[in-house]
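On a predicted model such as this, the values are computed, not experimentally measured, just so you know. Residue numbering restarts at 1 for every chain, and letters A, B, ... go by the order of the sequence lines.
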Amino acid sequence: MAEKKSIKQSYSQKEHSFFQDVFDVVIQIPKGRVTTYGAIAKFLGTKMSARMVGWAMNASHTSSLKIPAQRVVNRNGVLTGKSHFATPTLMEELLKKDGLSVKNDTVVDFKTVLWDPAIELSL
DNA sequence: CGTGTGACCGGCG
DNA sequence: ACGCCGGCCACAC
């Protein structure tokens, strides 16, 4: 409500964009952990619009920062965005380098390695 | 300024 | 259990 005004001000003062928010969260994902689009969306307040998060990731390549997009999967732990990487296997390779196990385009023990910003960053 | 699109999610048949 | 459908918000054309 009132916060909306502040947000709008931020938009005017800085080049703040939805992408920047998403990137900021994704970058904070610890190595060996993954999160979901919905979790990020919820953390940002747009819980019902997890699509925006995914779309923001699509623009990750526009950012000069390194966005570990491989650590962001859908609620099933499936590497839905792997097709958007340079190569279809790149996402899986990156996750394996993080020490995770990927089988059939799905993160093994996904629920165990799940890193929810709404919880972890809320401590 | 209107319309379409999207790396999703939750609910319902 | 599986499949389909609507919703939701930001950004590009």
Side chain of [X], backbone of [Y]: donor and acceptor closer than 3.5 Å?
{"X": "A/Asn74", "Y": "A/Asn76", "answer": "yes"}
{"X": "A/Arg71", "Y": "A/Ile29", "answer": "yes"}
{"X": "A/Thr106", "Y": "A/Asn104", "answer": "yes"}
{"X": "A/Ser122", "Y": "A/Ile119", "answer": "no"}
{"X": "A/Thr35", "Y": "A/Val72", "answer": "no"}

Distance check needed: [N] [atom2] versus [X] [atom1], whole Å only.
{"X": "A/Phe18", "N": "C/dA12", "atom1": "CZ", "atom2": "C1'", "answer": "16 Å"}
{"X": "A/Arg51", "N": "C/dC11", "atom1": "CZ", "atom2": "C1'", "answer": "14 Å"}
{"X": "A/Phe23", "N": "B/dA7", "atom1": "CZ", "atom2": "P", "answer": "15 Å"}
{"X": "A/Leu44", "N": "B/dC9", "atom1": "CG", "atom2": "P", "answer": "14 Å"}
{"X": "A/Tyr37", "N": "C/dA10", "atom1": "OH", "atom2": "P", "answer": "19 Å"}

Original post:
When you match A/Met48 and A/Trp55 each to their closest nucleotide on DNA chain C, which lands nearer the 5' end?
Top reply: A/Met48
Original post:
Between A/Phe19 and A/Ala50, which is nearer to the 5' end of DNA chain C once each is assigned its nearest nucleotide?
Top reply: A/Ala50
Subject >> Among B/dC8, B/dA7, C/dC11, the nucleotide that comes nearest once only the side chain of A/Ser17 is considered >> reply: C/dC11
Look at all strands and tell whether [X] reaches a base, only sugar-phosphate, or nothing, counting heavy atoms closer than 4.0 Å.
{"X": "A/Ala69", "value": "base"}
{"X": "A/Ser60", "value": "base"}
{"X": "A/Asn58", "value": "base"}

**OP:** Output, in order, the C-alpha distance, side-chain angles, deciding distance and verdict of side chain to side chain contact (heavy atoms under 4.5 Å, CB included) for A/Phe19 and A/Val22.
**Re:** CA-CA 5 Å; A/Phe19 301 141; A/Val22 176; 5.7 Å; no
Protein N or O to nucleotides 10-13 of chain B N or O, pairs below 3.5 Å:
unit_1, atom_1, unit_2, atom_2, d
B/dG10, OP2, A/Arg75, NH1, 3.4
B/dG10, N7, A/Arg75, NH1, 3.0

Original post:
Checking side chain to side chain contact (heavy atoms under 4.5 Å, CB included) for the pair A/Asp21/A/Phe43: CA distance, chi angles, key distance, verdict?
Top reply: CA-CA 10 Å; A/Asp21 273 349; A/Phe43 178 72; over 6 Å; no
Subject >> Residues A/Lys96, A/Glu92; criterion salt bridge (Lys or Arg N to Asp or Glu O under 4.0 Å); working and verdict >> reply: CA-CA 6 Å; A/Lys96 285 182 177 178; A/Glu92 181 176 332; 3.0 Å; yes
Subject >> Nucleic acid contacts - residues 79-98 of chain A versus DNA chain B, non-hydrogen atoms under 4.0 Å >> reply: A/Thr80, A/Gly81, A/His84, A/Phe85
Subject >> side chain to side chain contact (heavy atoms under 4.5 Å, CB included) between A/Glu93 and A/Thr87, intermediate numbers included >> reply: CA-CA 10 Å; A/Glu93 292 298 314; A/Thr87 65; over 6 Å; no
